[in-house]
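What you are looking at is a predicted structure, and each value in this text was computed from that prediction instead of being measured.
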Amino acid sequence: MILTTLMGLFGCAKKPSKKPPEPVTSVESMTLTLRGMRGGDVYRFEISEEKTELCHYYEKYKGEDTILELDASVACTTDEMIELMNKCGIMNWDGFHGPHPRNVLDGTMFTFSAEVNGGRRIYADGSENFPKGYYEFVVALREMLDRAD
């Protein structure tokens, strides 16, 4: 025990392994909102009895109300969304809060929420600070929507 303590003090002790997060195995809901100075974009994975689709909405302000205007939607399987979420490391996003950098006057704010794996909630937000895999996730969503054209 004394040897283990001394090894820990001098940085020789075995470091605990970092276990990768559990993978996404099911998706019940997903919403990604991106906001700028003139409104925002909302991406939603919507599941109903009739269809499963990825939808893109423009967020517009009308007086004090916020209105979502559907821009595009595309059929998307749950398996496609699960694969994308795992590829982009969505489970690692949970609890991410990226504060706005000092001296940055403009930018994009994001809010991400999802319910996966039978009820596990994931939440992340930030302003010009994004979790690893964020850009790849947004690009992939846009590419999926482009195939609707």
Side-chain angles (χ1 to χ4, degrees), residues 4 8 11 13-149:
T4 304
K14 183 178 177 184
K15 294 183 179 173
S17 64
K18 287 189 175 181
K19 215 169 69 169
E22 66 179 292
V24 175
T25 56
S26 69
V27 181
E28 290 74 49
S29 67
M30 183 283 297
T31 302
L32 173 65
T33 303
L34 310 176
R35 287 194 180 97
M37 295 295 288
R38 299 184 189 272
D41 295 284
V42 178
Y43 297 90
R44 283 192 182 151
F45 182 59
E46 299 181 354
I47 303 170
S48 69
E49 289 182 18
E50 299 81 37
K51 57 187 172 184
T52 303
E53 61 186 348
L54 174 65
C55 299
H56 173 250
Y57 298 91
Y58 286 120
E59 187 178 62
K60 299 192 174 192
Y61 305 110
K62 196 169 197 174
E64 293 187 23
D65 296 328
T66 303
I67 299 167
L68 293 180
E69 183 178 289
L70 183 64
D71 171 57
S73 65
V74 64
C76 173
T77 68
T78 303
D79 288 341
E80 285 178 289
M81 189 56 68
I82 289 170
E83 182 180 339
L84 176 60
M85 290 176 136
N86 284 324
K87 180 182 172 189
C88 296
I90 295 299
M91 294 299 262
N92 292 322
W93 294 17
D94 194 28
F96 180 90
H97 174 68
H100 195 76
R102 189 180 297 212
N103 299 324
V104 174
L105 301 177
D106 199 358
T108 301
M109 296 175 286
F110 87 97
T111 303
F112 176 84
S113 63
E115 188 173 323
V116 299
N117 299 357
R120 170 142 184 226
R121 296 190 187 279
I122 299 171
Y123 181 82
D125 66 14
S127 179
E128 282 306 304
N129 272 311
F130 309 100
K132 184 178 179 182
Y134 167 84
Y135 293 107
E136 294 84 355
F137 189 70
V138 173
V139 167
L141 294 177
R142 290 180 181 156
E143 286 174 352
M144 290 168 78
L145 288 160
D146 283 346
R147 70 178 194 216
D149 294 337

Any donor and acceptor pair, going by atom type alone, linking the side chain of [X] with main-chain N or O of [Y] inside 3.5 Å?
X: Asp41; Y: Leu34; answer: no
X: Asn86; Y: Thr25; answer: no
X: Arg120; Y: Val24; answer: no
X: Asp94; Y: Tyr123; answer: yes

Measure the [atom1]-[atom2] distance between [X] and [Y] for me, rounded to the nearest 0.5 Å.
X: Glu69; Y: Lys62; atom1: CD; atom2: NZ; answer: 9.5 Å
X: Phe45; Y: Ile82; atom1: CZ; atom2: CD1; answer: 7.5 Å
X: Asp79; Y: Leu84; atom1: CG; atom2: CG; answer: 12.5 Å

With a 4.5 Å limit on heavy-atom distance, are the side chains of [X] and [Y] in contact?
X: Thr78; Y: Ser26; value: no
X: Arg44; Y: Leu68; value: yes
X: Pro131; Y: Asn92; value: no
X: His56; Y: Val74; value: no
X: Leu145; Y: Tyr43; value: yes
X: Leu54; Y: Arg142; value: no

For a quick test of reading the model, state the closest non-hydrogen atom pair linking [X] to [Y] and the distance between them.
X: Gly118; Y: Glu28; result: N-OE1, 3.3 Å
X: Asn117; Y: Glu22; result: ND2-OE1, 3.0 Å
X: Cys76; Y: Arg147; result: CA-NH2, 4.0 Å
X: Met85; Y: Val27; result: SD-CG2, 3.5 Å
X: Gly98; Y: Asn129; result: CA-CB, 3.5 Å

Any luck finding a side-chain donor-acceptor pair between Asp125 and Thr111 under 3.5 Å?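 Distance-only check fails for Asp125 and Thr111.
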
Between Lys87 and Glu136, does at least one N-O distance fall below 4.0 Å, as a salt bridge requires? no

Anything under 30° is parallel, anything over 60° is perpendicular, the rest tilted; go ahead and classify Phe137 against Phe112. perpendicular

Between Trp93 and Tyr134, what is the ring plane arrangement, given parallel below 30°, perpendicular above 60°, and tilted in between? tilted

Heavy atoms of other groups near Glu46 CD, more than 12 under 6.0 Å: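 Yes, enclosed.
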
